[in-house]
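These figures come from a predicted structure and were not determined experimentally.
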Amino acid sequence: MKRTSQFFYQNSNLKVVFLITAIFMGYLILVMIPKATGFELSSSNVKSLGTSFGFDQSDITTFFNTRTDVMIDAYINFNQVWDVLFGLIYGLMYVVWVSVLFKPFFNKVGSINLIPLAQVLFDWLENYTLGTLAQQYLVDGTITSSTADLASAFCMIKWIFSGLTYILILVGIILLIVRFFKMK
């Protein structure tokens with residue numbers, strides 16, 4: 001972990017930040033949004049289960065009941081392929097942002113720049129359990145309560161780490177501004 005953290009501190013700079021952010025935006029717009037249309041319902045507030053802060057068995061059942069088998073297959077594919085790649089991209093983007101912002105303090109803050117990878121891990125765990133639930137639903141029309149609870153827990157932990165990552169970026173920007181005015 002320490003070597004990985006140091007690698008990002010050493011190799012992250014504004015060029016890398018803007019490049020990975022552009023890749024993130026391009027992937028979001030050109031891949032994620034079009035792939036999500038395969039399972040989205042125009043009349044539904046819930047576009048994907050992972051975009052909410054937790055859900056329960058009835059939410060999942062309603063989500064699947066309102067979709068065709070083809071749409072559920074698209075949802076499985078979305079979670080197991082496209083969202084996995086998205087997690088890798090946004091995880092790297094956030095690691096690079098935190099690395100750039102905390103580079104002057106890396107000796108004091110240690111591997112704080114790797115915290116965004118926890119969000120990616122829980123996103124992947126959520127994707128896997130949602131895919132498992134979707135496959136189970138396609139086979140027998142049921143949802144296992146314990147697996148639904150697990151998927152929801154992974155989702156909530158993912159969003160907690162997401163919030164922590166945004167707090168780190170905000171604190172890093174504030175520290176950057178403070179350093180700028182101290183130098184003047």
Side-chain angles (χ1 to χ4, degrees), residues 8 12 14-101 114-138 143 147-148 150-170 173:
F8 281 105
S12 296
L14 288 179
K15 284 183 186 178
V16 176
V17 162
F18 291 123
L19 175 64
I20 192 75
T21 302
I23 291 169
F24 165 81
M25 294 300 294
Y27 190 83
L28 176 66
I29 293 166
L30 299 173
V31 177
M32 290 296 284
I33 293 171
K35 291 294 181 184
T37 60
F39 61 85
E40 287 182 346
L41 298 174
S42 58
S43 61
S44 176
N45 290 338
V46 178
K47 301 294 182 192
S48 178
L49 292 167
T51 57
S52 59
F53 186 78
F55 39 80
D56 59 22
Q57 186 175 0
S58 66
D59 294 328
I60 297 169
T61 302
T62 300
F63 184 84
F64 292 145
N65 280 339
T66 57
R67 285 163 175 78
T68 65
D69 288 358
V70 171
M71 294 171 89
I72 295 171
D73 279 331
Y75 186 66
I76 293 168
N77 186 51
F78 180 84
N79 278 315
Q80 293 181 345
V81 177
W82 306 110
D83 201 27
V84 169
L85 293 171
F86 187 61
L88 184 62
I89 293 168
Y90 77 67
L92 289 173
M93 179 186 72
Y94 289 142
V95 167
V96 169
W97 270 99
V98 174
S99 296
V100 166
L101 293 169
L114 299 181
I115 286 176
L117 297 180
Q119 177 185 354
V120 175
L121 173 65
F122 285 100
D123 191 9
W124 287 348
L125 290 169
E126 170 204 323
N127 290 341
Y128 175 77
T129 52
L130 286 173
T132 300
L133 287 167
Q135 289 169 343
Q136 177 187 359
Y137 181 85
L138 287 175
I143 299 295
T147 307
L150 191 59
S152 180
F154 289 150
C155 181
M156 288 187 283
I157 295 168
K158 169 191 78 174
W159 286 114
I160 289 168
F161 276 108
S162 176
L164 182 57
T165 298
Y166 283 115
I167 289 169
L168 284 173
I169 291 171
L170 181 63
I173 291 170

Inset, instruction - Assess whether side chain to side chain contact (heavy atoms under 4.5 Å, CB included) is satisfied between Y75 and F63, documenting all intermediate values. - result: CA-CA 11 Å; Y75 186 66; F63 184 84; 3.7 Å; yes
Inset, instruction - Check whether any side-chain N or O of D83 sits under 3.5 Å from a backbone N or O of F86 as a donor-acceptor pair, and report yes or no. - result: no
Legend entry - Nearest heavy atoms of P116 and G91, plus distance in Å: CB-O, 4.1 Å
Legend entry - Nearest atoms (heavy-atom pairs only) where I76 meets A134: CG1-CB, 3.4 Å
Inset, instruction - Check ring-ring contact (aromatic ring centres under 6.0 Å, His included) between F78 and all other residues, then give those that pass, not counting sequence neighbours. - result: F39
Legend entry - For W159, side-chain contact (heavy atoms from CB on, under 4.5 Å) partners two or more places apart: F53, C155, S162
Inset, instruction - Taking all heavy atoms of S99 and all of F8, pick out the closest pair and write down the distance. - result: OG-CB, 3.4 Å
Legend entry - Distance in Å, L138 CG paired with R67 CZ, rounded so as to fall on 0.5 Å steps: 12.5 Å
Inset, instruction - Hey, could you give me the CG/NZ distance between N127 and K158, rounded to the nearest 0.5 Å? - result: 7.0 Å
Inset, instruction - Could you pull out all residues at least two apart from Y128 that satisfy side-chain hydrogen bond (donor to acceptor under 3.5 Å, both in side chains)? - result: none
Legend entry - side chain to side chain contact (heavy atoms under 4.5 Å, CB included) evaluation trace for D123 with Y90: CA-CA 11 Å; D123 191 9; Y90 77 67; 2.8 Å; yes
Inset, instruction - Could you grab the distance from atom CG of L164 to atom CD1 of I169, nearest 0.5 Å is fine? - result: 10.0 Å
All N/O donor-acceptor pairs, side-chain side in residues 15-37, below 3.5 Å, sequence neighbours left out:
{"from": "T21", "atom 1": "OG1", "to": "V17", "atom 2": "O", "distance (Å)": "2.6"}
{"from": "T21", "atom 1": "OG1", "to": "W97", "atom 2": "NE1", "distance (Å)": "2.9"}
{"from": "Y27", "atom 1": "OH", "to": "W82", "atom 2": "O", "distance (Å)": "2.9"}
{"from": "T37", "atom 1": "OG1", "to": "P34", "atom 2": "O", "distance (Å)": "2.5"}

Inset, instruction - Would you name the heavy atoms of I60 and A148 that are closest together and state the gap between them? - result: CD1-CB, 3.5 Å
Legend entry - I115 and V98: CA distance, side-chain angles, deciding distance, side chain to side chain contact (heavy atoms under 4.5 Å, CB included) verdict: CA-CA 9 Å; I115 286 176; V98 174; over 6 Å; no
Legend entry - 4.5 Å side-chain heavy-atom contact, L41 and M71: yes
Legend entry - All side-chain contact (heavy atoms from CB on, under 4.5 Å) counterparts of L150, not counting sequence neighbours: T129, F154
Inset, instruction - Quick one: list whatever passes side-chain contact (heavy atoms from CB on, under 4.5 Å) with L121, sequence neighbours left out. - result: L125
Legend entry - Validation row: L88, V120 side chains within 4.5 angstrom (heavy atoms): no
Inset, instruction - Can you measure from CZ (F64) to CD (Q136) and round to the nearest 0.5 angstrom? - result: 9.5 Å
Inset, instruction - Output the distance between atom CD1 (I72) and atom CG (N65), rounded to the nearest 0.5 Å. - result: 8.0 Å
Inset, instruction - Report yes if some heavy atom in the side chain of L133 is under 4.5 Å from a heavy atom in the side chain of Y137; otherwise report no. - result: no
Legend entry - Rounded distance [0.5 Å steps], OG1 in T165 versus CG in L170: 12.5 Å
Inset, instruction - Can you see which heavy atom on V84 is nearest to which on W124, and at what distance? - result: O-NE1, 3.0 Å
